[in-house]
Amino acid sequence: MLCICCWSLTIYANNNEKNSDNYSYFQQSKPSKVQVGRASEFEEVTEFTQTITTFDELMVYLEQRQYASDTEAIDMVQRFVFSRSTSQQPLNKEQLQNIDLALAELLINVGQLQQSQSVLNKYQQTDMKPLNWLVSRQLQSRIYQLRQDWFAAVTGFTEVFELAEELLKQSSINEQTLARKKQLDSALSLARIYWQILDNNQAKQWLNTALSLTDAKQDLASYFEVTTLVASQQQHMKAYDSAARTLIPAIESANTNRLVSVELSLSRQLGEVYLAANKLDDAQEVLEKSYLLARGLRNISQQYGLLINLIELQLAKNNSTEAQKILTETDKLTKYITDRNLTMAFLNAKAQVFAAKRQFVDALNVLERISEISHSNGSSLEEQGRQDIVSSNLKQKATWQALLGQSRSAISNFEKHHKDAQQTLTQKAQQRIQFIQQSYAADRQNKQQQIAESQQVIQQLQAETAQLRFESTRNFIVYVLMFLAALGYWLFHNKQQIAERQRMMNLDLITGAKNHNYLARRFRQYLHHKAKFSVLMFDIDKFSEVNISIGHDKADILCREIVTRLSIRLSAEKELISIGSGKFMVIVKNFDQKQAFLLAEVLRKELNSQSFVIDGSRFNITASFAAIEYNASETLESLKQALTLGVQIAKQAGGDRTAQLKDN
């Protein structure tokens, strides 16, 4: 079917390439502005009713149908079979088998797996020719795959691969072509399954097998399909350079063969690879060219997806203004988009643009809309993708709620995100373990059958029994080790999640410095170990006036810039803590009163050593400091009171100085 699609796309592309120069992309003076396709550019499709009277006409219809959906094709097949069953020219056995196989495939395509299974169950291997049995086994394996019965699917596709290999040695040229195609399809399906159950080594092995079966000169459709899947896995494994090297020759081949639609899909994938690798200039060049191709083909879906990619690109460049412009243009195409994944991708880009402009309330509202769509009725096959979207939204929502000061909601959503991540990882591990257990059970069953068959010869039985025990023990150890590895990975990931949560609890989300919880914990630790330490406090001079003049958002940015600058002067034992509203403290281990005073002077001079630049505006900032060495009789609150008094003295003296506090 992919070959037919590529053939039809080639004809369509050749007819449209003559007019491709009539479509502008980015204006020369302002390359970042996007012009989208007009609604009037859609071509009308005239519906027609086709009459089929012979078996050959039905087969041609199923192979070459252009506008008929799978549901319409199913109806056509059923009406044809019924009409022939009541006529004086009934179908023969082989024709019925071919029609049933075509019908089973159509039923799978529309998600009617049980009905497809019923059709396939009508036949046994002895009832069919080898090639038809090969097709039947492949369809049965697809059903297992869609039901996520991974072990049965792997067993089935492996059998199809081996059957196809046998047919290549003894069948006719036409049958060899189909057998080779089924062998390639099986290799690709096995790669996808092993990828799903986290066995990247097996997935890579089957992808390499698929590549070895692909000849770009003889079967371009298969070549492009394999290339796309290989590049996707490389991108998933963050091997971005390898993914680019895989895609570039395929893009050149599509261009040489004038397969514009295929070139468009591959180029967009390359742009996404560059974007994921943070090669923004390369990504922009490729995505802009891809958008030009999409406009030339009047492909609204591809235009829509590419505009979303360009929004992500501008956000990666911290250019929220340009991202907003592209978002506005993209929204004009939304009414033509029916694909739920594209709609959610657009809404996610919209939320990111709002967040980049610090409009977090609007961004959160968009996330709610995404959640509604992801929870709406859809195919069960989309469940994993829906879970990924829900988990990602929870994490993003928590981050933005934290920035809005909604700490309780943020913590709740962070906890939900971590729980979902744990559940997903556990589910993956369980699928892998189940697959391993089934493989082990199948191996064990096969070995037991071999033992039963070899009972006729006692000597051979003893030898085979010893060998089987050895192999069973070895396999058991391997599977146990794999299980322990999966369990260890889960425990490690869980530990990381806990550590991240603890880190967030001790972090001031506005400034990026440590918070008061961390200060109290560090104070108790120093007391417990009887360590010598000093504490500094400083307050930004006239911070309330700065806050009013530039606004809270810019004031928050200014505080983060202050933390960044002063952190350069602080080591692991000199920790900066934000206590709110432009006030900070520094707790320093092994420092006496004099050393603490000198450190305060260093930080004070560093603070006003140069201007701060916020959105193009410069600000000269000073602060009033106070430093004190801890005395065994003092509490944290008494230290803070003493330091606060010192800071007030420094401010009353004109600010931008460090108050001298007496040693206690």
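Computed over heavy atoms, backbone and side chain alike; hydrogens, waters and symmetry mates excluded. Owing to the predicted nature of the structure, the values given are computational and were not obtained by experimental measurement.
More than 12 heavy-atom neighbours from other residues, nucleotides or ligands sit within 6.0 angstrom of NZ on Lys640. More than 12 heavy atoms of other shown residues, nucleotides or ligands fall within 6.0 angstrom of atom NZ in Lys651. Other residues, nucleotides and ligands contribute more than 12 heavy atoms inside 6.0 Å of the CZ atom of Arg358. The neighbour count for Lys204 NZ, taken as heavy atoms of other residues, nucleotides or ligands under 6.0 Å away, does not exceed 12.
Ser265 is listed as a side-chain neighbour of Gln302, based on a closest heavy-atom distance under 4.5 Å. Taking 4.5 Å as the limit, every side-chain heavy atom of Asn517 sits out of range of all side-chain heavy atoms of Arg522. Between Ile562 and Leu607 there is a side-chain heavy-atom pair separated by less than 4.5 Å. Proximity of Ile311 to Leu315: side-chain heavy atoms (C-beta onward) are separated by under 4.5 Å at one or more points. Side chains of Leu367 and Ile370 form a contact here, defined as non-hydrogen atoms less than 4.5 Å apart. Between Lys350 and Asp362 there is no side-chain heavy-atom pair separated by less than 4.5 Å. Contact annotation: the side chain of Asp508 never approaches that of Val563 to less than 4.5 Å [non-hydrogen atoms, C-beta and beyond]. In this structure, Glu252 and Ile248 have side chains that are in contact, with non-hydrogen atoms separated by less than 4.5 Å.
Here the closest non-hydrogen pair linking Ala283 and Leu275 is CB-N, 3.7 Å. For Ala513 against Leu507, the heavy-atom pair with the smallest separation is O-CD1, 3.4 Å. Across Phe543 and Gly582, no two heavy atoms sit closer than the pair CE2-N, 3.7 Å. Nearest heavy-atom pair, Phe360 versus Ala355, reported as atom, atom and distance to 0.1 Å: CE2-O, 3.6 Å. The two residues Leu536 and Ala627 come nearest to each other via the heavy atoms CG-CB, 3.9 Å. Closest heavy-atom contact between Gly655 and Ser624: CA-OG, 3.3 Å.
One finds the CG atom of Asn348 at 12.0 Å from the CG atom of Asn341 (value rounded to the nearest 0.5 Å). Atom CE of Met585 sits about 9.0 Å away from atom CZ of Phe523, to the nearest 0.5 Å. Interatomic distance, Gln352 CD to Ser320 OG, rounded to the nearest 0.5 Å: 12.0 Å. The line from OG of Ser232 to CD of Glu272 is 9.0 Å long, rounded to the nearest 0.5 Å. Between Tyr304 atom OH and Leu333 atom CG the span is 7.5 Å, to the nearest 0.5 Å. The line from CG of Leu287 to CG of Leu313 is 6.5 Å long, rounded to the nearest 0.5 Å.
Between the side chains of Thr343 and Arg340, not a single donor N or O lies within less than 3.5 Å of an accepting N or O. No hydrogens or angles considered: nothing links the side chains of Glu263 and Ser290 as a donor-acceptor pair under 3.5 Å. For the 3.5 Å distance criterion, the side chains of Ser301 and Tyr336 fail to qualify, holding no donor opposite an acceptor. A donor atom on one side chain and an acceptor atom on the other are found under 3.5 Å apart for Asn620 and Ser611. Checking Glu601 against Thr658 by side-chain atom types alone, a donor-acceptor pair falls below 3.5 Å. Side chains of Gln648 and Gln652: no donor on one and acceptor on the other come within 3.5 Å. A side-chain donor from one of Thr334 and Asp331 sits under 3.5 Å from a side-chain acceptor of the other. Using modelled atom types and a 3.5 Å distance limit, the side chains of Gln314 and Lys325 yield no donor-acceptor pair.
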Start with the C-alpha distance between Glu561 and Arg565, add both sets of side-chain angles, then the distance that settles salt bridge (Lys or Arg N to Asp or Glu O under 4.0 Å), and finish with yes or no. CA-CA 6 Å; Glu561 293 292 331; Arg565 181 179 294 183; over 6 Å; no

side-chain contact (heavy atoms from CB on, under 4.5 Å) evaluation trace for Asp281 with Lys317: CA-CA 10 Å; Asp281 292 337; Lys317 289 185 173 183; 3.9 Å; yes

Show, in sequence, the C-alpha distance, side-chain angles and deciding distance for Ile579 and Met537, and conclude whether the side-chain contact (heavy atoms from CB on, under 4.5 Å) test is met. CA-CA 10 Å; Ile579 57 176; Met537 178 185 287; 4.1 Å; yes

Could you check Asp282 against Val286 for side-chain contact (heavy atoms from CB on, under 4.5 Å), going step by step and ending with a plain yes or no? CA-CA 6 Å; Asp282 293 336; Val286 172; 5.5 Å; no

Go through Leu307 and Leu327 one step at a time and tell me if the side-chain contact (heavy atoms from CB on, under 4.5 Å) criterion holds. CA-CA 8 Å; Leu307 286 173; Leu327 181 70; over 6 Å; no

Please report the C-alpha distance between Asp656 and Lys605 in whole Å, then the side-chain angles of each, then the deciding distance to 0.1 Å, and finally whether the salt bridge (Lys or Arg N to Asp or Glu O under 4.0 Å) criterion is met. CA-CA 9 Å; Asp656 192 18; Lys605 293 177 181 178; over 6 Å; no

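Residues passing the salt bridge (charged side-chain N to carboxylate O under 4.0 Å, His left out) test with Asp615: none are found, sequence neighbours excluded. For Phe538, the ring pair (Phe, Tyr, Trp, His ring centres under 6.0 Å) partners at least two apart in sequence or on another chain are Phe584, Phe625. Applying the ring pair (Phe, Tyr, Trp, His ring centres under 6.0 Å) test to Tyr518 and every residue at least two apart in sequence or in another chain returns nothing.
Asn299 places no side-chain N or O within donor-acceptor distance of the main-chain N or O of Arg295, the cut-off being under 3.5 Å. In this structure a side-chain-to-backbone donor-acceptor pair under 3.5 Å is missing from Arg604 to Thr622. A donor-acceptor pair under 3.5 Å is formed between the side chain of Arg657 and the backbone N or O of Ala653. With Asn515 contributing its side chain and Ile577 its backbone, the two residues share no donor-acceptor pair below 3.5 Å. Side chain of Ser617 to backbone of Val613: no donor-acceptor contact under 3.5 angstrom is found. A donor-acceptor contact shorter than 3.5 Å is absent between the side chain of Arg618 and the backbone of Phe612. With hydrogens and angles ignored, the 3.5 Å screen pairs a side-chain donor or acceptor of Gln234 with a backbone N or O of Ala243. In this structure, Gln269 contributes its side chain and Thr228 its backbone to a donor-acceptor pair below 3.5 Å. The backbone N or O of Val546 lies less than 3.5 Å from a partner atom in the side chain of Ser549, making a donor-acceptor pair. Side chain of Ser253 to main chain of Ala250: no donor-acceptor pair is present (N/O by atom type, distance under 3.5 Å, no hydrogens or angles).
Salt bridge annotation for Arg192-Glu225: present, with a cationic side-chain nitrogen under 4.0 angstrom from a carboxylate oxygen. Between Glu575 and Lys514 no salt bridge is recorded (no basic side-chain N to carboxylate O distance below 4.0 Å).
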